[in-house]
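Down below is the structure, laid out as structure tokens.
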Amino acid sequence: MMDKTYAPHDIESRWYAQWEENGYFEPQGGDSAYCIMIPPPNVTGSLHMGHAFQDTIMDALTRYHRMQGNNTLWQAGSDHAGIATQMVVERQLNAEGKTRHDLGREPFIERIWDWKEHSGNTISKQLRRMGSSLDWSRERFTMDEGLSKAVREVFVKLHEEGLIYRGKRLVNWDPKLHTAVSDLEVISQEEQGHMWHMRYPLADGSGDLVVATTRPETMLGDACVAVHSSDERYQHLIGKMIALPLCDREIPVIADDYVDPEFGTGCVKITPAHDFNDYEVGQRHAMPLINIFTIDACINENAPAAYRGMDRVAARKQIVSDLDALDLLVKVDDHKLMIPRGDRSGVIIEPLLTDQWFVKAKPLAEPAIEAVKSGKIKFVPENWDKTYYNWMNDIQDWCISRQIWWGHRIPAWYDAEGKVYVGRDEAEVRKKHQLANNVELNQDEDVLDTWFSSALWPFSTLGWPDKTPELDTFYPTSVLVTGFDIIFFWVARMIMMGLKFMDDVPFKEIYIHGLVRDAEGQKMSKSKGNVLDPIDLIDGISLQALVEKRTQGLMQPKMATKIEKDTRKHFPDGIPSFGTDALRFTFASLASTGRDIRFDLNRIEGNRNFCNKLWNATRYVLMNTEGEDTGLDDAPVELSLADRWIISRLQRTEANVIDCIDKYRFDLAAQSLYEFLWNEYCDWYLELSKPILLDESSNEQQKRGTRRTLIRVLETVLRLLHPLMPFITEEIWQQVAPLAGKSGDTIMLQPFPTPDDSRISADAEQEMQWVMDFVMGVRKIRGEMNIAPSKPLPVLLKNTSTDDQTRLKNNLLLLNKLARLASIDTLPTTDEAPQSAIALVGEMQILIPMAGLIDKSAELERLNKEIDKLEKELARITGKLANAGFVDKAPATVVENEKQKQQEISSKLNSLKQQIDKIASL
RNA sequence: AGGCGCGUAGCUCAGUUGGUUAGAGCGCAUCCUUGACAUGGAUGAGGUCGGUGGUUCGAAUCCACUCGUGCCUACCA
């Protein structure tokens, strides 16, 4: 016997290991393949709500397609996350008072591998807790030998084709991490700064001009001053020389239309080595590149001795004060400007001239744009294609070299003269370029951007560059499930690389999901202290532990007080254990396309209750079917109205669920299942089954029919629910399946239900609606008149049609039981009814004698309210039908509908008004 | 500056190509421990669909404008 209440923890701990050990997650064969590549999480990371949401969607799709008989693979794996991972380990070293340079490259990398071993399975353990049916037997890591081989192969091939090149360019330099980063790793945000107006004297002493800048310290690297070619104020200055203050240099005044005469003073100091726009201007006028910064963003030897060694902040202060002393500082204004910061380090990014490797993006982007335009790849929701085009059309070359140690080392070697050779390994390079063994070669010190290897993920995980059966079977994959934030970082690059090296798109659809926010709509972040750990929702956590977790290791420790306060306010009792299934069902029910989701504890609580409902419904079903005849052999059965009705409703639910999942509307699928199970199966069908199963007048065929329906409908619902709630459905299915005539070791590999139209019965649905209206009519009176549910009521019927009479006869038992009736009597039309409360089912009147039960004024009030509502509605419809425009132009069916409605309402009104007169007159 | 969203019940959200009285969950109110379930049951209250104007017989839905709000991209030194 099942426990009385649903206890998720017990049942969830049981199943996952069994599934995995039995190999159920591995592709099971079948004609059409279905494959999802997991967006590889950071190997040393841990599961957050965004992952949990994303994984729920992917697992639901995977389980659904697996049950549909597809050859299904959800590819598992993780990413080495270059900078992020290296930073973590460096921080550990710092805590020991060491730097990575104290260790040296090889030992440091060893140390990272150790750390990966130590923390690397945290996230895979968590994924398992979520019930994710990933094929762990094929798990990959971006630094695996196979995937590294793919990286080298791609690098060499692109280089051979001239699509990878090395060059000295201005790149985004992170002065803290000492590495270049790509455009995408720079976050620009508005910050308060200043605009300095500085006077530059002309070299011939004939006057001066004033430049405006937000970065006075870069003046040490100025190459010229630019004015607009048609700016009348400065025509006379063009071509003259300026004596650059504080520096022993002269620079020219040039004309360039890049300058906006309206902005600032109309004179722009140009520093080609430290600003992307200035770089362009400098190129146009063949200006020298004067680099004044070291890799730490300190002033270097190209600047006057007085400033050397100062960092950029100190240098700015000194320069401003020196200019002021020379009376060259005209004014300082407050000015808001966009400050670029490294997304990892948080420090201000410095445009710096360095040698880097780049991927030429344009030629790769063109086919990638076409793939989406032609519909070979579809975004869901569609409008994300605009974001994609927007970026792709204006794509810049991709800086792929990083000056860090953790990652794929660039397969390029230099000889003593600095000549570069690219190849898969050193031996290949020597052979290809006929370099003798005594020629010294040194491999490039840099590693590749992590996204370079992630871009190959859809095919490198399947064995590329080798030709493998997996590639044949699963590439292109079916759908990519991901967040909009990495469309540029990852999605676009996978498409480019996939088309280039596989000659086909990496996936046919891209499902873009929303961001998970907290209950107040705030983005969850460690620094805000509002993160939720999915595991804590599953297992529960005490307030104390939650506060500790949220206030530990903060960047700004002073936030701790506020975080603690907020946490105590939102979770006064901590978080109870809801279980994985409730969490997953909640994610699903919030997943309407694209929209961000606010995660509210009330929702997950409601869905935990839903699990409990399923649990208890099952208890009832098992109580009535275990050890009983559930119609497994061919013994005759008689299906009741309720049986035929619930079977019919089930078909519609199946069709709806399939339709919704196919459209990625997990919210609607979840709602459909929720409503069917709770509002139809539990609220009505289980109650309707009781009279048949418990009444001694029902025969064996009827009981058999109802038991069979009870168990089979439940078994089917379990399969429908399984992709969303894998654990509870498996647990229950094990007990239910044999009674429903199903065999198999797991629900995971059972076929997903398919609707059978022949089992949809409009008749049964209509008659059942009549029964429900009848019961609800009586309940309404009971509820509004405050009559105890336990009090059996006598009921009189008037105005019954022959249909009513038939239905009444068929369902007497059900009506008596569900509406708790003492008696049902039909009055001839001519008979006067006693003073009664009334409910209508079509034309039929249900009368409940008021004697001793119902207060006259209360009933009058109730009737008046009802009449009021109907009259308003009638006026609306009558007005509509009086409108010639409507009657002439609206489709006939719509008009007919309105007419019918009009009739029904006026007939209802009639009945109610008569009733009111009758009561009032007494 | 461009692009993309959002605004529907107290709260969180559905609402398919315009066409029943705009729905659900939670919350709220009243009543109820009848043997699946109080993590429950019954009944009920609550919305001029951000605003204005337009198209239409008919608009939450389509168009224009407007207010509020969020995100993304690019930026003027």
Side-chain angles (χ1 to χ4, degrees), chain A residues 2 4-6 188 195 211-215 218 226 258-260 262-271 275 277-278 281 335 337-338 381 383-384 386-387 389-391 394 484-485 487-488 514-515 519 521 523 576 578 582 589-590 592 594-603 605-624 659 663 665 667-668 671 674-675 679 682-683 686-687 690 694 776 779-790 820 869-870 872-873 876-877 880 883-891 893-895 897-898 900-901 905:
Chain A
M2 293 166 70
K4 193 174 168 187
T5 50
Y6 161 66
S188 282
M195 177 80 87
V211 296
T213 181
T214 55
R215 300 201 57 194
T218 62
Y258 155 74
V259 179
D260 175 3
E262 305 295 318
F263 190 88
T265 61
C267 297
V268 186
K269 60 189 265 327
I270 300 296
T271 321
D275 181 283
N277 288 311
D278 290 7
V281 176
H335 182 68
L337 73 164
M338 299 299 277
N383 50 307
W384 286 108
K386 291 198 185 67
T387 306
Y389 294 138
N390 219 322
W391 190 68
D394 191 33
F484 59 86
D485 47 332
I487 289 179
F488 308 142
L515 212 69
K523 216 162 151 173
F578 294 114
S589 62
L590 292 170
S592 67
R595 203 172 166 137
D596 284 359
I597 62 177
R598 284 193 192 205
F599 200 89
D600 190 335
L601 236 45
N602 292 326
R603 285 299 284 267
E605 187 183 347
N607 289 325
R608 193 262 326 259
N609 296 353
F610 177 63
C611 293
N612 186 57
K613 192 74 179 172
L614 171 61
W615 185 261
N616 280 293
T618 304
R619 290 182 66 225
Y620 168 79
V621 173
L622 290 177
M623 279 166 76
N624 285 286
D659 190 46
K663 288 194 290 214
R665 288 304 301 269
D667 59 331
L668 299 179
Q671 197 187 357
Y674 188 101
E675 273 171 8
N679 302 341
C682 290
D683 284 353
L686 293 191
E687 295 309 318
K690 289 175 186 173
L694 299 177
M776 288 190 290
R779 282 180 184 166
K780 201 166 169 167
I781 293 170
R782 224 188 248 284
E784 289 180 44
M785 296 298 136
N786 269 339
I787 302 170
S790 50
R820 270 244 150 195
K869 231 160 85 180
L870 289 172
K872 271 191 200 136
E873 181 59 14
R876 208 181 58 86
I877 293 174
K880 217 168 168 181
N883 181 345
F886 174 71
V887 180
D888 292 348
K889 290 185 186 169
T893 50
V894 174
V895 177
N897 241 324
E898 294 294 314
Q900 208 182 323
K901 233 165 31 185
I905 292 175

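In what follows, every chain begins at residue 1, and chains take the letters A, B, ... in the order their sequences are listed.
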*Could you state the interatomic distance from CZ (A/Arg779) to CZ (A/Arg782), rounded to the nearest 0.5 Å?*
9.0 Å
*asked:* So, does A/Lys880 get its side chain near the phosphate of B/rU20, meaning an N or O under 4.0 Å from OP1 or OP2?
replied: no
*asked:* Starting the side chain at C-beta, find the nucleotide from B/rA77, B/rC31, B/rG35 nearest to A/Pro789.
replied: B/rC31
*Kindly point out which of B/rU20, B/rG15, B/rG35 is positioned nearest to the side chain of A/Arg665?*
B/rG15
_Taking only side-chain N and O atoms of A/Lys901, does any of them lie within less than 4.0 angstrom of OP1 or OP2 on B/rU21?_
yes
*Output the distance between atom OG1 (A/Thr618) and atom CE (A/Met2), rounded to the nearest 0.5 Å.*
5.0 Å
_For atom CG of A/Asp683 and atom P of B/rA36, their distance in whole Å_ = 14 Å
*Within the structure shown, what part of the strands sits under 4.0 Å from A/Leu870 by heavy-atom distance: base, sugar-phosphate, or nothing?*
nothing
*Please determine, for the side chain of A/Pro891, which listed nucleotide (B/rC26, B/rA36, B/rG19) has the closest atom?*
B/rG19
*Report the distance from atom OH of A/Tyr258 to atom CG of A/Asp260, rounding to the nearest 0.5 Å.*
9.5 Å
_Nearest to the A/Leu686 side chain among B/rU21, B/rC57, B/rA36, which nucleotide is it?_
B/rA36
*Spacing between A/Leu614 atom CG and B/rC37 atom P, to the nearest angstrom*: 15 Å
*With P as the reference atom in both, quote the distance from B/rC75 to B/rC13 in angstrom, rounded to an integer.*
33 Å
*Apply side-chain contact (heavy atoms from CB on, under 4.5 Å) to A/Lys901 and A/Asn897, showing your working.*
CA-CA 6 Å; A/Lys901 233 165 31 185; A/Asn897 241 324; 5.9 Å; no
*For RNA chain B, what string of dots and brackets results from 5' to 3' when Watson-Crick and G-U pairs need both distances under 3.5 Å, crossing pairs get [ ], and pairs with another strand get |?*
(((((((..((((.....[...)))).(((((.......))))).....(((((..]....))))))))))))....
*Can A/Asp394 and A/Asn390 be counted as having a side-chain donor-acceptor contact under 3.5 angstrom?*
no
_From B/rU43, B/rC57, B/rG3, nucleotide with atom closest to A/Lys780 side chain_ = B/rU43
*Using a cut-off of 4.0 Å on non-hydrogen atoms, how would the nucleic acid contact of A/Val887 be classed: base, sugar-phosphate, or nothing?*
nothing
*Side chains of A/Ile487 and A/Trp384: closer than 4.5 Å at any heavy-atom pair?*
yes
_Side chain of A/Cys682, heavy atoms from C-beta onward: which of B/rC4, B/rC71, B/rA36 has the nearest atom to it?_
B/rA36
*Taking the side chain of A/Arg608 as heavy atoms from C-beta outward, which of B/rU39, B/rA77, B/rU43 is closest to it?*
B/rU39
_Nearest whole Å is fine: how far is B/rG5 P from A/Trp384 CH2?_
9 Å
*Below 4.0 angstrom from OP1 or OP2 of B/rG41, is there any side-chain N or O of A/Lys613?*
yes
*Quickly work out the A/Arg782 CZ to B/rG41 P distance and round it to whole Å.*
18 Å
_Mind checking if A/Ser790 touches a base, just sugar-phosphate, or nothing, with heavy atoms under 4.0 Å?_
nothing
*What interatomic distance, in whole Å, is found between C1' of B/rC28 and the corresponding atom of B/rA1?*
48 Å
*Whole-Å distance separating the NE2 atom of A/His335 from the P atom of B/rC75*: 15 Å
_Interatomic distance, A/Thr218 atom OG1 to A/Asp275 atom CG [nearest 0.5 angstrom]_ = 8.0 Å
*Euclidean distance, atom CD of residue A/Glu687 to atom P of B/rA36 [Å, nearest integer]*: 8 Å
*Return no unless some side-chain N or O of A/Lys4 is found under 4.0 Å from OP1 or OP2 of B/rA38.*
yes
*B/rA64 and B/rG27: how far apart are their P atoms, nearest whole angstrom?*
41 Å
_Rounded distance [0.5 Å steps], NE2 in A/His335 versus OG1 in A/Thr214_ = 6.0 Å
*asked:* Check this one for me: any side-chain N or O of A/Arg598 less than 4.0 Å away from OP1 or OP2 of B/rU12?
replied: yes
*Classify the nucleic acid contact of A/Lys690 as base, sugar-phosphate or nothing, counting any heavy atom under 4.0 Å across all strands shown.*
base
*May I ask you to evaluate whether A/Ser592 reaches the phosphate of B/rA14, defined as a side-chain N or O under 4.0 Å from OP1 or OP2?*
yes
*Along RNA chain B (nearest heavy atom to each residue), the more 5'-positioned of A/Arg215 and A/Thr5*: A/Thr5
*Of A/Ala788 and A/Glu873, whose closest RNA chain B nucleotide lies nearer the 5' terminus?*
A/Glu873
*Under 4.0 Å between any heavy atoms, over every strand shown, what does A/Asn883 touch: base, sugar-phosphate, or nothing? Just pick one.*
sugar-phosphate
*Give the rounded distance in Å between these two atoms: CZ of A/Phe578 and P of B/rC26.*
13 Å
*Between B/rA24, B/rC6, B/rC71, spot the one nearest the side chain of A/Arg595, thanks.*
B/rC6
*Set of ring-ring contact (aromatic ring centres under 6.0 Å, His included) partners for A/Tyr674, sequence neighbours left out*: A/Phe610, A/Trp678
*Taking only the side-chain nitrogens and oxygens of A/Asn602, find out if one of them lies under 4.0 Å from OP1 or OP2 of B/rG27.*
no
*How close or far is atom C1' of B/rG25 from atom CZ of A/Phe610, stated in whole angstroms?*
12 Å
*Any donor-acceptor pair under 3.5 Å joining the side chain of A/Arg779 to the base of B/rU43?*
no
*The side chain of A/Phe484 lies closest to which of these nucleotides: B/rC37, B/rA24, B/rC71?*
B/rC71
*Roughly how far, to the nearest 0.5 Å, is CG of A/Asp888 from CG of A/Asn883?*
8.5 Å
